[in-house]
Amino acid sequence: MLRRMRWWWRRAQQERDLQEELQAHLAIEAKLQRDAGASAGEAERAARQAFGNLTRVKEEVRDVWRIAWLEDLCQDLRHGARVLRHHPGFAAVTTLTLALGIGAATAVFSIVDAVLLRPLPYQNPERLVAIWGRGVHDPNIPKIFLDYATYEHFQHKSKTLESISAATWAGGMASHILSGNGTTPAKPVLAIPVTSSFFQTLGVHAKIGRTFLPEDEHLGCAAVLSHGFWNDTFGAREDLVGESVTLDERACTVTGVMPESFHFFPRRTQAWLLMKPQFRAMGTGLFARLKPGVTYAQAQDELSRIHRESAPGGLWRNVEPAVHDLHGEFTFLASRTLRSTLAVTSAAVALVLLTACVNLASLLMARLSGRQRELALRAALGSSTSRLIRQILAETLLLASAGAASGIALAFGFVRYFEWTNPIELSTAVTLHPRVMLFAVAVSASTAVLFGLLPAIRASRMDVIERLKTAGRGALPTASHTATVRIGVAMQLALSFILMIVAALLLSSVLRMGGVDLGFNPNRLLAASIQLPESRYSTEAKRAEFYQRLEEGLQSVHGVVRVTLASKVPPDSGGNQELQILDRPTEAGSGPHHVGADAISPGFFDVLRIPLRRGRLFDVRDRLHSEPVAIVNQALADEYFAGTDPLGKQIRLADGASRMPWLTIVGVVGNTKHTELMNEMRWVETPMLYRPVTQEPRRSMEIVIAAAAEDGSLKQDVARYVASIDANVPMRELEPLVSRISRLLAYARFRAAVLGVFALSTLFLSAVGLHGLLSQLVASRMVEFAVRRAVGAQSVDILRMVVRLSSTPVVLGMTAGVVGTLISNRLIEGFLYGVRPAEPSVLAGVATVLLAAAVLAIAVPAMKALRIDPITALRNE
Amino acid sequence: MDGKLELLQGTLDLLILRTLANEPQHGHGIGQLIRMRSNDLLRVEHGSLYPALHRLQRNGWVDSKWGVTGNNQRAKFYRLTAAGRKRLDAEESKWNLFVGTMARVLRPQE
């Protein structure tokens, strides 16, 4: 800061000097004119005329100054580069240190920016809310959709909401089929039904055409396309607006296309459909805009009141509306633990950055102290202090730029990797926003100034003589300075310890969770979902017939060992329905909502190798109009029929919409494990009931194939066969079940990987710090070592001394690390599976790694100490 | 013909150094001397002279000091440094070589 002021002052001085000089010139000319007989006024004018344009001359001189300054800078930079080339080790380590710190911080900040900071692409997004349903009595219902009737009540009666809309993706409402047209096959489309007020509530407009108007209700079907969908599938045709596309074998008029920047949940939505009555049966999500000045509490109170007064029937009586901020809900929808994960990661990265800066400080200080002699000599030979400082600044700037550039490259690579693995569904794309790059540059610039320049300025104020006297021995590191560095290194070691433990625990959790027996055998099983178009498969009979033909035909495709159908395939499982038992009447809505129901073909349990415990499996007896039967899993039997025999009992789901008949239990099978919806580290076994697909032929089912071997053409053969039965039935690509299971753990794996990288980076940085510290200590004790050698100390004794020097920070670091671990483990308990936070084996393993790194770090200084030749060392004194 | 010739930067530098070889001089004086010694053929633009002076100073070939003229007026005097003198000698020999070659080309028989 001071230096900058001096430069300004000097420039001002230069300007004043120039002005004086030119004025003096004019005065001389004027005098000559007066001597030649002109009057004072004429002389002045003549002088000015003879001189020419004063301003232009000043500009030209200023140009010279500017060019000179630039040339100096270039020279300094080139000199700096040359110096750094002579010390490649220092340059490399410094750059890497800075790169690691900046890269990690930038990458994490990009994600935080995308998730938390960047506002949603809607008008005044801070006033937008999502209204979910919340269980009044049953805490197990965290967030569910409300019903359409509630939406209408709110729409008519609410005074706190400026506008409200509904959008649903419940129960397959969002799954539609775009018909093929001879050349292209039918495609599944994710299209969300929304009310006409949806886009108005968000305050967004279409890029081409328009969004929905209430009049569009008269159209058979109206759709607004997403930009990606319009571009990829329809080749960005400008004339598509007003035309119709065939969705679910019905003509849907395209009213508009949204801009590329628009997105809602889920991110891969391809279109929005105007909500028709048939979409209102399942629950729906409500999205609204608060009136200006209305608080969340006010809206919450009003909506709860309206809901109560509307006297909801059935299970809706036990549900109340809950108002949430929309941005927060998007984060929640991506992952329940996203916010906390980001908080933990940000904290970790801040610590890594701090470590890097501490290291950088030590490195630069050490370097500076090593150059005392050189600087003193140059000062004695006439280099001005400011020149020396400028050269040091140039060096530091070069290092900082190199560090920042590599850091940004690292961050870029990390962000790419993040997007590629896509461990969680974020609503925005993560990019290296300019704001983030600015952050990186700011960090590196301030680091350069703080740790490169200030010490240099401080050092330059020292007396030249004094510098020459103490040069070579490193006068700069005082006792207090060394103590600071020791503590710094200890802190870094502690941090690495903690991070390594966390990473090890996370990794172990992932491995353990992945190794759990899930109750079925996924090996060599492939699955793909298909969807029957509503129009031509409107009756159960037609659907059942299709599935029978499908199963029989697929069995004979080459490479298929066995085929089965299921509405949901493990590990996708579970449900949130309530069970009703014939002889046990209970009030609807009062029981736990945790039962799932699937439709399967008879071979399902065999193909997945789920054991049969009691009774029988489905077979040819169970047809569309024969006695409705069900198979339950052990969990259901244990929960509802403990102590009695479930076989023969009659059950059904309480959900009024599906209108399930009473089912007779004919068999009990083993449980399968699955995860709850949101990426939690927990396998659960929930009660399931299974119905034969002949009795409940759903519109979308999954084909499960036990394949003979890794057969390349199997996928095409199956797809071809399905198309041969009906070309308008879209089928997703066959996917190994093993991949699906692996995907469940993607988020946890990613977390472990990230923390692993942080841990290794910090370990590296600590090793560098320890190495630097010890080099300094050994260097400052050269004399002592030499003397001891001279009086007969053995190598072992010298080594012992070196070890003793390094023991303080290492021991301190490990102790602090163990203590820190106790705290940190409390924080990560939610991310662990199958491991105790204080696992002794993990602690021991990490301690060993840390010690090994410490040994490596002190190896080089130790070598130097051992090789001290007493005579040369003492002579240099 | 007006007599004002466009001067190349290097030539101007040389002229200035030559002018200062004998004694220190201020900007106005340098301009006058160059004009006089070239019989009024070379009139240096002040837009070129002063930048040149500052550039020469930057390069360490001249240095400056405020002083008083013969007429008791304040002016900034420029003076040749040791390095400047060396530069002058080097440039002059180059120039003479160049001129000599040119002359020989124009008058081949000499």
Side-chain angles (χ1 to χ4, degrees), chain A residues 7 10-11 13-38 40 43-44 46-76 381-384 386-387 390, chain B residues 2-4 6-10 12-13 16-17 19-20 23-36 40 42-79 81-83:
Chain A
W7 178 76
R10 201 152 355 117
R11 245 322 264 272
Q13 181 78 325
Q14 256 179 328
E15 280 286 338
R16 257 178 283 142
D17 198 82
L18 179 64
Q19 173 75 349
E20 263 196 79
E21 182 178 2
L22 298 182
Q23 290 295 354
H25 180 120
L26 288 173
I28 294 175
E29 180 65 31
K31 180 125 199 308
L32 283 177
Q33 294 285 343
R34 277 205 302 275
D35 291 345
E44 297 264 347
R48 229 178 291 264
Q49 209 177 10
F51 187 83
N53 190 333
L54 197 69
T55 323
R56 206 168 61 90
V57 173
K58 281 201 200 165
E59 265 310 312
E60 299 280 332
V61 175
R62 280 194 208 111
D63 271 346
V64 168
W65 290 342
R66 242 169 302 199
I67 294 174
W69 184 81
L70 271 173
E71 280 177 356
D72 275 347
L73 185 66
C74 282
Q75 194 189 33
D76 286 336
L381 286 175
S383 280
S384 68
S386 63
R387 179 114 203 165
R390 202 173 49 206
Chain B
D2 200 9
K4 268 201 253 166
E6 294 292 344
L7 285 173
L8 293 170
Q9 198 186 70
L12 177 60
D13 286 0
I16 296 174
L17 291 177
T19 314
L20 293 176
E23 57 166 359
Q25 192 49 256
H26 51 75
H28 184 275
I30 294 173
Q32 300 280 64
L33 282 168
I34 290 178
R35 224 174 71 184
M36 238 170 46
D40 221 21
L42 300 172
R43 244 180 253 183
V44 187
E45 290 280 340
H46 298 113
S48 317
L49 178 67
Y50 278 100
L53 282 170
H54 280 256
R55 195 175 49 244
L56 290 172
Q57 180 171 16
R58 198 82 196 187
N59 290 336
W61 296 324
V62 304
D63 60 25
S64 63
K65 204 162 69 162
W66 280 95
V68 182
T69 68
N71 278 335
N72 239 346
Q73 280 179 300
R74 230 170 100 75
K76 196 173 187 189
F77 282 82
Y78 289 88
R79 139 185 103 90
T81 61

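Only a predicted model underlies this, so the values are computations on that prediction, with no experimental measurement involved. Sequence lines set the chain letters: A, B, ... in the order given, protein chains first and strands last, and positions in each chain run from 1.
- Within the 4.5 Å cutoff, the side chain of B/Asp63 has heavy atoms near those of the B/Arg79 side chain.
- With a 4.5 Å cut-off on non-hydrogen atoms, A/Glu20 touches chain B through its backbone and its side chain both.
- Of the two parts of A/Asp72, only the side chain, counted from C-beta on, holds a non-hydrogen atom closer than 4.5 Å to a non-hydrogen atom of chain B.
- Put simply, the side chain of A/Gln33 does not reach to within 4.5 Å of the side chain of A/Glu44, judged on heavy atoms.
- Heavy-atom distances place the side chain of A/Val64, and not its backbone, under 4.5 Å from chain B.
- Neither the backbone nor the side chain of A/Ile67 comes within contact range of chain B; no heavy atoms are under 4.5 Å apart.
- For A/Leu18, the part lying under 4.5 angstrom from a heavy atom of chain B is the side chain only.
- Both the backbone and the side chain of B/Arg74 come within less than 4.5 Å of a heavy atom of chain A.
- Residues B/Leu53 and A/Val61 form no side-chain contact, since every pair of their non-hydrogen atoms from C-beta on lies 4.5 Å or further apart.
- Rounding to the nearest 0.5 Å places CD1 of B/Ile16 at 12.0 Å from CD of B/Gln25.
- Judged purely by distance below 3.5 Å, without hydrogens or angles, the side chains of A/Arg16 and A/Gln13 pair a donor atom with an acceptor atom.
- Of the two parts of B/His54, the backbone and the side chain both hold a non-hydrogen atom closer than 4.5 Å to a non-hydrogen atom of chain A.
- Contact count against chain B (heavy-atom pairs under 4.5 Å) is highest for A/Glu29 among A/Glu71, A/Gln23, A/Glu29.
- At a 4.5 Å heavy-atom cutoff, A/Leu26 makes no contact with chain B through either its backbone or its side chain.
- The pair A/Glu59-A/Arg66 counts as a salt bridge, with a side-chain nitrogen and a carboxylate oxygen less than 4.0 angstrom apart.
- Considering only heavy-atom pairs separated by less than 4.5 Å from chain B, the leading option among A/Leu22, A/Asp63, A/Leu54, A/Asp35 is A/Leu22.
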A/Glu15 and A/Lys58: CA distance, side-chain angles, deciding distance, salt bridge (charged side-chain N to carboxylate O under 4.0 Å, His left out) verdict: CA-CA 9 Å; A/Glu15 280 286 338; A/Lys58 281 201 200 165; 5.6 Å; no
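- Considering only heavy-atom pairs separated by less than 4.5 Å from chain B, the leading option among A/Val57, A/Ile28, A/Leu32 is A/Ile28.
- The aromatic rings of B/Tyr50 and A/Phe51 sit tilted relative to each other, their planes meeting at an angle between 30° and 60°.
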